[in-house]
Amino acid sequence: MTSPRPRRGYLTHAFNHDGADYLRMAYCLALSLRLTQSAVRGLSVIVPESQPFPARYRDAFDHVIAIPDERPAFVDRSWRVDNYVRMYDLSPYEESVTVDADTLFFDDVSSWWDVMAQADVVGGTAVTYRGDVVVNNPLRKELYRVGLPDLHNGFFYFRRGPVAERLFATMSGYLKDWEGTCERHFGRPDVPFSSDSALLLALRDNGLESAAAGPRPGTPRFVHMKACVQGWVGVPESAREWRPYVHHAFDDGLRLRIDGVRIGDPFHYHVRDFVSEELLRAYEAAVEARHGAA
């Protein structure tokens with residue numbers, strides 16, 4: 001007899017590449033969830049079968065889901081974003097929130113789940129570290145040009161059922177003919193594949209653009225910390241690295257402040273070396289003190 005699925009949980013994927021240890025980031029994400037969330041704090045991680053998995057990390061995750069490392073030829077080899085289309089099939093939960101591995105949680109957002117559960121799918125709204133909604137992301141020019149909604153899979157809720165199943169099946173279909181999909185939506189075949197673009201196009205093709213804004217617009221939301229979306233003057237349009245522009249510090253309670261602003265929303269930090277060994281050890285110690293071993 002098949003065991004029932006857990007009701008709710010977070011889901012990420014962690015495919016290391018080019019010296020970026022996304023599994024390490026996912027482990028720190030799991031620790032931050034355990035430290036801050038009162039209700040839903042479980043995280044499952046999708047990894048390639050061939051990738052080493054440190055024993056130290058295992059107990060921090062609900063499930064470790066190993067998959068073959070197969071990739072469409074047209075997807076940039078330096079990114080693993082095509083795996084996002086498999087999230088529905090791979091999720092062990094009835095209700096899932098997908099988050100990027102390079103994210104940390106600081107405030108308890110457990111109350112968001114009951115709000116999101118009023119819809120089948122809900123996309124996240126990106127905000128700056130100051131809490132302002134991102135209204136001009138230079139990396140989304142093509143998406144803005146065709147009027148796609150400014151929602152993100154960096155915090156994306158879906159409930160198991162026919163609506164979400166069709167949505168992810170549509171994204172999976174794009175992998176078979178991305179050039180044709182681009183021609184149909186953008187009028188040109190060479191728009192680079194990204195999981196966000198695939199998600200937004202699938203929302204459009206399934207008539208879900210408005211519904212995916214959710215029953216309470218702005219919930220969920222997350223801090224999108226790429227430098228190029230903070231509204232700073234003189235920052236290159238593709239700049240990720242934000243640390244040269246602002247001061248940041250963790251306090252003894254692992255709360256983060258950036259230029260004096262306390263970060264409360266889920267924090268998508270982007271830079272690959274943000275989680276130092278010192279920070280990771282601090283999270284491990286805090287979780288040990290709160291709950292016992294990670």
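- Counting heavy atoms from C-beta on, the side chains of Leu23 and Gln51 come closer than 4.5 Å.
- Counting non-hydrogen atoms of other residues, nucleotides and ligands closer than 6.0 Å to CZ of Arg243 gives a total above 12.
- In this structure, the separation between CG on Leu90 and NE2 on His63 is 12.0 Å, given to the nearest 0.5 Å.
- Side-chain contact check for Leu280 versus Arg56: some heavy-atom pair is nearer than 4.5 Å.
- Side chain of Arg140 to main chain of Leu143: no donor-acceptor pair is present (N/O by atom type, distance under 3.5 Å, no hydrogens or angles).
- In this structure, Arg221 contributes its side chain and Thr125 its backbone to no donor-acceptor pair below 3.5 Å.
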Please list every donor-acceptor pair under 3.5 Å in which a side-chain atom of residues 205-213 meets a protein atom from a residue at least two apart or in another chain.
residue: Asp205; atom: OD1; partner: Arg184; partner atom: NH1; Å: 3.1
residue: Asp205; atom: OD1; partner: His185; partner atom: NE2; Å: 3.1
residue: Asp205; atom: OD2; partner: Tyr174; partner atom: OH; Å: 2.6
residue: Asp205; atom: OD2; partner: Arg184; partner atom: NH1; Å: 3.4
residue: Asp205; atom: OD2; partner: Arg184; partner atom: NH2; Å: 3.1
residue: Asp205; atom: OD2; partner: His185; partner atom: NE2; Å: 3.2
residue: Asn206; atom: ND2; partner: Thr170; partner atom: OG1; Å: 3.0
residue: Asn206; atom: ND2; partner: Ala202; partner atom: O; Å: 2.9
residue: Glu209; atom: OE1; partner: Arg204; partner atom: NE; Å: 3.2
residue: Glu209; atom: OE2; partner: Arg204; partner atom: NE; Å: 3.3
residue: Glu209; atom: OE2; partner: Arg204; partner atom: NH2; Å: 3.1

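- For His152 and His268, the distance between ring centers is not under 6.0 angstrom.
- Ile263 contributes atom CD1, which lies 4.0 Å from atom CD1 of Ile258 (distance to the nearest 0.5 angstrom).
- Asp18 CG to Arg272 CZ: the interatomic distance, rounded to the nearest 0.5 Å, is 6.0 Å.
- Taking the centre of each ring, Tyr157 and Trp112 stay at or above the 6.0 Å mark.
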### Task
Test side-chain contact (heavy atoms from CB on, under 4.5 Å) on Phe156 and Val99 and set out the steps.
CA-CA 7 Å; Phe156 185 78; Val99 290; over 6 Å; no

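- The distance from atom OH of Tyr84 to atom OG of Ser172, rounded to the nearest 0.5 Å, is 13.5 Å.
- Across all non-hydrogen atoms, the minimal contact from Ile65 to Pro92 is CD1-CD, 4.1 Å.
- At least one donor-acceptor pair under 3.5 Å links the side chain of Trp242 to the backbone N or O of Tyr269.
- Taken together through direct or relayed side-chain contacts under 4.5 Å among Ile, Leu, Val, Met, Phe, Trp and Tyr, Val109 and Val115 form parts of separate hydrophobic clusters.
- Applying the ring-ring contact (aromatic ring centres under 6.0 Å, His included) criterion to Phe186, with sequence neighbours excluded, gives no partner residue.
- Panel note: side chain Arg130, backbone Gln230; a donor-acceptor pair is recorded below 3.5 Å.
- Heavy-atom minimum distance, Ile67 versus Ile46: CD1-CG2, 3.7 Å.
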### Task
For Ser32 and Leu35, run side-chain contact (heavy atoms from CB on, under 4.5 Å): C-alpha distance rounded to whole Å, both residues' side-chain angles, the deciding distance at 0.1 Å, then the answer.
CA-CA 5 Å; Ser32 77; Leu35 192 61; 5.6 Å; no

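- Counting heavy atoms from C-beta outward, His17 and Tyr22 have side chains that approach closer than 4.5 Å.
- Side chains of Tyr144 and Asn137: a donor-acceptor N/O pair is absent below 3.5 angstrom, by distance only.
- What you find for Gly214 and Val122 is that their closest heavy atoms are CA-CG1, 3.8 Å.
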### Query
Between Arg166 and Asp120, does a salt bridge (Lys or Arg N to Asp or Glu O under 4.0 Å) hold up when you go through it step by step?
CA-CA 11 Å; Arg166 284 195 302 270; Asp120 291 291; over 6 Å; no

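- Checked against the 6.0 Å centroid criterion, the rings of Phe155 and Phe222 do not qualify as a close aromatic pair.
- Annotation: the span from Phe158 atom CZ to Ser91 atom OG amounts to 4.5 Å, rounded to 0.5 Å.
- Smallest separation of non-hydrogen atoms from Ser197 and Trp178: OG-CH2, 3.7 Å.
- Using modelled atom types, one finds a donor on one side chain and an acceptor on the other under 3.5 Å when comparing Asp108 with Ser110.
- Side-chain contact between Ser96 and Met87 is absent, with no heavy atoms from C-beta onward closer than 4.5 Å.
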### Task
In sequence, state the C-alpha distance, the side-chain angles, and the governing distance for Asn136 and Val229, and then conclude on side-chain contact (heavy atoms from CB on, under 4.5 Å).
CA-CA 7 Å; Asn136 182 23; Val229 305; over 6 Å; no

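- The pair Arg7-Glu94 does not meet the salt-bridge criterion, since no charged nitrogen lies less than 4.0 angstrom from a carboxylate oxygen.
- Across Tyr283 and Cys28, no two heavy atoms sit closer than the pair CD1-SG, 3.6 Å.
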### Task
Would you please test Tyr129 and Tyr245 for ring-ring contact (aromatic ring centres under 6.0 Å, His included) and show each step?
CA-CA 12 Å; Tyr129 77 94; Tyr245 302 95; over 10 Å; no

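- No salt bridge links Lys226 with Glu241; every basic N to acidic carboxylate O contact stays at or beyond 4.0 Å.
- For Glu277, the CD atom counts as densely surrounded, since its 6.0 Å shell holds more than 12 non-hydrogen atoms of other residues, nucleotides or ligands.
- Under the side-chain contact (heavy atoms from CB on, under 4.5 Å) test applied with Ser195, the options Asn153, Leu200, Asp100 reduce to a single match, Asn153.
- In summary, the aromatic rings of Phe274 and His248 are positioned with their centroids under 6.0 Å apart.
- Checked for salt-bridge contact, Asp59 and Arg34 miss the test: no charged N lies under 4.0 Å from a carboxylate O.
- One N or O on the side chain of Tyr88 and one on the backbone of Gly161 form a donor-acceptor pair closer than 3.5 Å.
- Using a 4.5 Å heavy-atom threshold, the side chains of Asp265 and Val127 count as touching.
- A donor and an acceptor atom, one from each side chain of Glu284 and Tyr27, are located under 3.5 Å apart.
- Inter-residue side-chain proximity for Arg188 and Glu142 is flagged as met; some heavy-atom pair is nearer than 4.5 Å.
- Phe105 approaches Thr36 most closely through the heavy-atom pair O-CG2, 3.4 Å.
- Within the 4.5 Å cutoff, side-chain heavy atoms of Trp113 are placed close to those of Arg8.
- Using a 4.5 Å heavy-atom cutoff, the side chains of Phe250 and Arg255 are not in contact.
- Annotation: Glu183, atom CD; neighbour count of heavy atoms from other residues, nucleotides and ligands within 6.0 Å is above 12.
- Using modelled atom types, no side-chain atom of Asp102 and backbone atom of Val271 make a donor-acceptor pair closer than 3.5 Å.
- Under the 3.5 Å distance criterion, the side-chain polar atoms of Asp259 are matched with a main-chain donor or acceptor of His247.
- Residue-environment remark: CG (Asp252) stays at or below the threshold of 12 foreign heavy atoms within 6.0 Å.
- At distances below 3.5 Å, at least one donor-acceptor pair connects side-chain atoms of Asp21 with backbone N or O atoms of Arg24.
- Judged by distance alone, with hydrogens and angles left aside, the side-chain atoms of Asp251 form a donor-acceptor pair with the main-chain N or O of Gly253 at under 3.5 Å.
- No donor-acceptor distance shorter than 3.5 angstrom exists from the side chain of Glu165 to the backbone of Arg160, with no hydrogens or angles considered.
- Note that CG of Leu104 is 9.5 Å distant from CG of Leu31, once rounded to the nearest 0.5 Å.
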